[in-house]
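Inspection log for the structure reproduced underneath, given as structure tokens.
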Protein chains: 2
Amino acid sequence: MVATPEHPSTQSFKVIGTRPIRHDGYEKVTGRAVYGGDIRLPGMIWGEVLRSPYAHARIKSIDTTEAQKLPGVLATITHADLPAAEAKEIDAGEGVVNFRRASMNILAQDKVLYKGHMVAAVAAVDRNTASEAVKRIKVEYEPLKPVLSVDEATAPGTPILLEDLVGDHLGEKVQNTNIARHFRHEFGDPDAAFRQCSLVVDREFSLQMVHQGYIELHNATAMWEPDGRVTIWSSTQGSFGVRAQTAGILRLPESRIRVMPVEIGGGFGGKTVIYLPPIAAVLSKMTGRPVKMVMDRKSVFEGTGPAPGGKVRVKMGVDDQGKILASEVVIRFEAGAFPGSAVGAGGICVLAAYNILNTRIDGYDILVNKPKSAAYRAPGSPQVAFATEAVVDEICEKKGWDRIEFRLWNASHEGTRRADGPTFRKVGLIDCLQTARKSEHWNTPLEKRGLNGRLRGRGFATGYWMNGGGKSTCDLAVNNDGIVFMNEGSVDIGGTRASIAMQAAEALGIPAEDVRPSIPDTDSIGFTGVTGGSRTTYATGLAAYNAAMKLVDSLKERAAFIWERKVEDIDFKDGAFFSKSDPALSLTFKQLCAKLEGTGGSVTSTASVDLSTAGNSFALGICDLEVDPDTGKVDILRYTAIQDAGRAIHPAYVEGQMQGGAVQGIGWALYEEYFMTQQGVMANSSFLDYRMPTALDMPKIEAIIVEVPNPLHPYGVRGVAEVPLAPPLPAVANALHDALGIRFLEQPIKPARILEAISRNGS
Amino acid sequence: MVATPEHPSTQSFKVIGTRPIRHDGYEKVTGRAVYGGDIRLPGMIWGEVLRSPYAHARIKSIDTTEAQKLPGVLATITHADLPAAEAKEIDAGEGVVNFRRASMNILAQDKVLYKGHMVAAVAAVDRNTASEAVKRIKVEYEPLKPVLSVDEATAPGTPILLEDLVGDHLGEKVQNTNIARHFRHEFGDPDAAFRQCSLVVDREFSLQMVHQGYIELHNATAMWEPDGRVTIWSSTQGSFGVRAQTAGILRLPESRIRVMPVEIGGGFGGKTVIYLPPIAAVLSKMTGRPVKMVMDRKSVFEGTGPAPGGKVRVKMGVDDQGKILASEVVIRFEAGAFPGSAVGAGGICVLAAYNILNTRIDGYDILVNKPKSAAYRAPGSPQVAFATEAVVDEICEKKGWDRIEFRLWNASHEGTRRADGPTFRKVGLIDCLQTARKSEHWNTPLEKRGLNGRLRGRGFATGYWMNGGGKSTCDLAVNNDGIVFMNEGSVDIGGTRASIAMQAAEALGIPAEDVRPSIPDTDSIGFTGVTGGSRTTYATGLAAYNAAMKLVDSLKERAAFIWERKVEDIDFKDGAFFSKSDPALSLTFKQLCAKLEGTGGSVTSTASVDLSTAGNSFALGICDLEVDPDTGKVDILRYTAIQDAGRAIHPAYVEGQMQGGAVQGIGWALYEEYFMTQQGVMANSSFLDYRMPTALDMPKIEAIIVEVPNPLHPYGVRGVAEVPLAPPLPAVANALHDALGIRFLEQPIKPARILEAISRNGS
């Protein structure tokens, strides 16, 4: 069923590669766009949740009596009100769609597993009443020792978080463990190969949880109609995902739930899972009223899914010719309170940039008493890049090899076997490295000393992401004036309306502005997966391309009808329909659209795709920075992001993704972390204390797009949104080494840590 | 481009002919459905209009200064603010899409042409302020003599309403006339044929304007974005019609306007034209705010389009064998203030039930100082049926022929040439007449005397409507649980969601409940014409059928993929897919849907149709009534409606249409009229004074559905919603003649008129 498009890589495009104003720009900049928080419904009431004060405790009882007595309170619920609570038969293992676990995360069952874990919820006539009522719910806890790191979690005799967990350890079922999963990718004979190496570097790196830091708070408004249909408004990366997860947790048929389109104020992976919709829905069922819920910032930090912290050990050996002979990796990620960290993706990414014939990768998904981790741009890849690229940097330093040349000697290319198994199709790593080598930045020497004794350094690193495929639907309808209405199922986070419309426009030979995109509700468009995995421009774009080709076929029939010729005689090229046998017969797309009246009326088309693979992408970062040795403060002086975009549909948005990734990665490297007390309480759960980079912290980020078209897409699209987050972490660390001669093995590399290292090293 | 479906008339249906609960029933009965009047937007302000106090006057000046001074007033507009005001070049004749005339109707230009004609409009922060401001607009009028009937309008020296009108009189261009159009259909030699007749009856009938009387008031809310896009919420029979008309009047590209779906509280043809949307849009443009407008009932009566009144002369001659040899008809309809009455349709309908070889029909579209007439269920047909069926009744009376037998002798059938030209395909008139002859009602004698000297009579009449075709789009999308989401462009007035979903369900072999209909906005569905002309179940239904067939084709590919067979080996029958070569391989629709994951994902389809013809339909009415000779009050004792529905998709809704048509027709016959003063002021412009029938006035209406499948539709659908309004007018009049021996030539046959006739006849 997968389309097998031709690959017009040599053709010149008219729309692709241009930078039109985004179709939704006006609504966004004027504040007219409707986000989840904007929803107001007649008779609407408010829901609020009670959250656990303990990181780990047994729930002995929940008493909502006093809350219910408060005037204005209309309903209270606990986990027992979620239908999936006891649903053993739908416990399909510890995968991402384990609705029993999802249900336990949404309202705690017999235990609370992290500070901020939701325990009970209230619906009341207004938000203040709901907040007040929540305080009157009495919960009796038996506090347990919190488990706060992968080392603690795996130490002998440590408390077990999920007593019914059956771990999968290299295929064996193991009980009484906090290790939900241990997998291994092994290839060649790394042990033997290491013995042939002239240099082996072996380091373990430590990372903290970080949050995606989207500006918009999680929200949900739900209306449960007495006839069993549920309507949900919720800012999300995927309305069909909200539908599927809510249906699974509430044990409803998916088609009884209609998720309405609202805009999203940032997601970065964190809005692919749901928290509030099932609670709002059940409260609505109990009250017969629409129920709205909005988290506060503290709840977002404490109660939604950050990127996993953990430990990553990378051992790498080289010979004297600069060839990497072997590598061994151990990744231990903090899943949080429930199984399912990004460790699988980490295992795919960790060695993907290098063509190494002897490898062993062990991955561990480990439960800790922190919020259940979630996706965050190239989930798992920045963490492992932080490790691999520092080890590579150290090898180059010790061997005196050029950091780009060494990577070119070992770079993955078409035909390279990725450490977890698959073989690369055409990829752009070598092109990116060559671009970096020729770049103005790389060829501009950096003065090693700044003003007032500040120390400067330059770092370099690579990053990798495999990019998703999946299911998307796109519908097209033609107007008589040549304007094409486009419906697509993908939520627009970073310009999807524009990037999909542009692909349809290119295929139809019309301007981007002549395609008008809409994103309907889940009842009004075919199934479309989440906007994430950097799949959207690729997969929904291919659906749009296929729909456009169908539209062209239908319009050829109209041209044939008008000219009284066989449809086989009609061709379409450069935006015009013409007769092959009589070239005088020609109509542009717009001209033909004006003739739809009387030749059969409106023309519509639809296409759904289900793509199993996408184009792998690589990115590089070059980072110049300066350290104040008296304070430990780091200033980023210059950052260049280089990335194989496959084909940049809208280059400004690709550059925006690269720049945004760089900024988030720099923040991750230098500032951001879940700072946990020994009791497992996040001590910095506000935007004042959780230090995210601002415009004042950043220089202009240079973005260099490399185009190595993806052979799986008619326009060569690869995903672009995730991979730029991987290089900055190691690029910053490598630059700090260049400046200070110190290798930092812990993230974030914050001023206190730098000062401490300087004083330890006597720099 | 028109689909040419096979005609499975002998198959047994599983869904068609059943009576499922309508998909939108819950929203409708609980008040959750959103109508135009329910729209509230942030920052919304209100618009109000000033209406003319004169039926005919020249506007010398409009001064809005005082209105603008009132605090809270944000904008005022007059006709000069409508872009089509001076648009001579888009004056494409006096057709229905003459946007200059439409613009003049929406805001008067140099003349007001009827009492209630809109003259100026105001936008203000609230509705009361807007109403108050309207009163402060000073308009200087030069009153002119109003022209209030077709006779006055065509009398020598009468005032001319539209001084720039160029009338089309049998193809000749005529100036200085109130006759916008005179057409003639002529066939055979009626003059010669009349000379062979043994009896000729020649009568002229007079009718008053009547209103559709929908409960919901006209409304519009518009937001004109600064980037030129306009969003409109307005209860209408066709969102694409609102788009096209607003675009034409405001001279915008259609694709800049997005009409949002809202429910409609009755239309009956009257909500196919627009009044408020362009005013609200321009006020929004001027203020930058969303503007809402809602008419009051008086404005609906005075300022929207009623069914035309006028005069209809029918002359008919028969021989002694009961054959109608010749007929001559003159129809003069009140167009109202602008050209375009239903006289064309009247000319088609007036003799359609009879196979007459010598005919002449003259139609006149005549301007009078009354609101521009609009469509009302089978526009033009009830008026001409009132005439034709009375003349036929009189012929039967004078000749002593049975009223059903005579009609059978002369009934139109397959192959009969309709008086205006086309030849009938299979039609059901004879079947209906035979059904009437065998009906319990017809065979139950009526006691001629009631209690207290009341007089009873039975009337019989036929009616005809040609039913529309046109453009419709339907999209389908399958869920893994076998639920099919359906998007259709047709506004749902009388159960369209159900009737279209049922056709899709029948085609897919699934229950009606498994198809979930939605009606998206105009950006999100292909072009679909108005819900009117009794075209929707036929045309949108065929689009749904075609889309379902495409879906079946796509699902066959999936089955072939699963069973590793060629798609040619797969068949679909009785809701199941199976292998022709291995009957053991079989999957129901639902079972196959559960296997979409992994075989290519979601399946979607779309179909647009443009149908030039539809199935002609006939209806009959049998009416028993009783007259109080002392008061003239008429009580309907029993009414039976018989109608060829082609195929009744949802029989309960067909019966509802037949019953509703009967009630409206009885109201038209007995009570309803625009009662105009000599100054052209409607004296009864409220629901208290404009007498519509209520449940207390009506007996149970019996509905007998006759099914003569339409060969142009796969399920045999004909339109059903309009033709039932035609028989009641003459059936009531004929029953009154049966009771009183008096022929009433004027509608409404109100008590005063009955008393006067009784006293004149000395009954």
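Here the structure is a predicted model, which means the values were calculated and not measured. Just so it is clear, the values below take in all heavy atoms, side chains as well, and ignore hydrogens, waters and symmetry mates.
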Can you tell me if B:Lys28 has over 12 outside heavy atoms packed within less than 6.0 Å of its NZ?
yes
B:Lys556, NZ atom: more than 12 neighbouring heavy atoms under 6.0 Å
yes
Interchain contact, A:Arg40 with chain B, by part (heavy-atom threshold 4.5 Å)
neither
Pick from A:Pro517, A:Gly43, A:Ser518 with the largest number of heavy-atom pairs that fall under 4.5 Å of chain B:
A:Ser518
Which answer fits B:Pro226, side chain, backbone, both or neither, if we ask what part of it has an atom under 4.5 Å from a heavy atom of chain A?
both
Residue among A:Pro520, A:Gly526, A:Ser255 with most heavy-atom pairs under 4.5 Å to chain B
A:Ser255
Roughly how far, to the nearest 0.5 Å, is CG of A:Asp521 from OG of B:Ser524?
9.0 Å
Taking atom NZ as the centre, does B:Lys590 end up with more than 12 heavy-atom neighbours from other residues, nucleotides or ligands that are less than 6.0 angstrom away?
yes
With a 4.5 angstrom heavy-atom cut-off, could you sort out which part of A:Thr522 is near chain B: side chain, backbone, both or neither?
backbone
Per-residue contact mode, B:Arg256 against chain A (heavy atom under 4.5 angstrom)
both
Interatomic distance, B:Asp610 atom CG to A:Thr599 atom OG1 [nearest 0.5 angstrom]:
8.0 Å
Of B:Arg258, B:Arg243, B:Lys550, the largest count of non-hydrogen pairs under 4.5 angstrom with chain A goes to B:Arg243
If you round to the nearest 0.5 Å, how far is CZ of B:Arg229 from CD of A:Glu27?
4.0 Å
Do the non-hydrogen side-chain atoms of A:Pro42 and B:Arg32 ever get within less than 4.5 Å of each other?
no
Close contacts, residues 470-487 of chain A versus chain B, judged by heavy atoms under 4.5 Å:
A:Lys471, A:Thr473, A:Asp475, A:Ala477, A:Asn479, A:Asp481, A:Ile483, A:Phe485, A:Asn487
Would B:Thr606 and A:Thr604 count as having a side-chain donor-acceptor pair, cut-off 3.5 Å?
yes
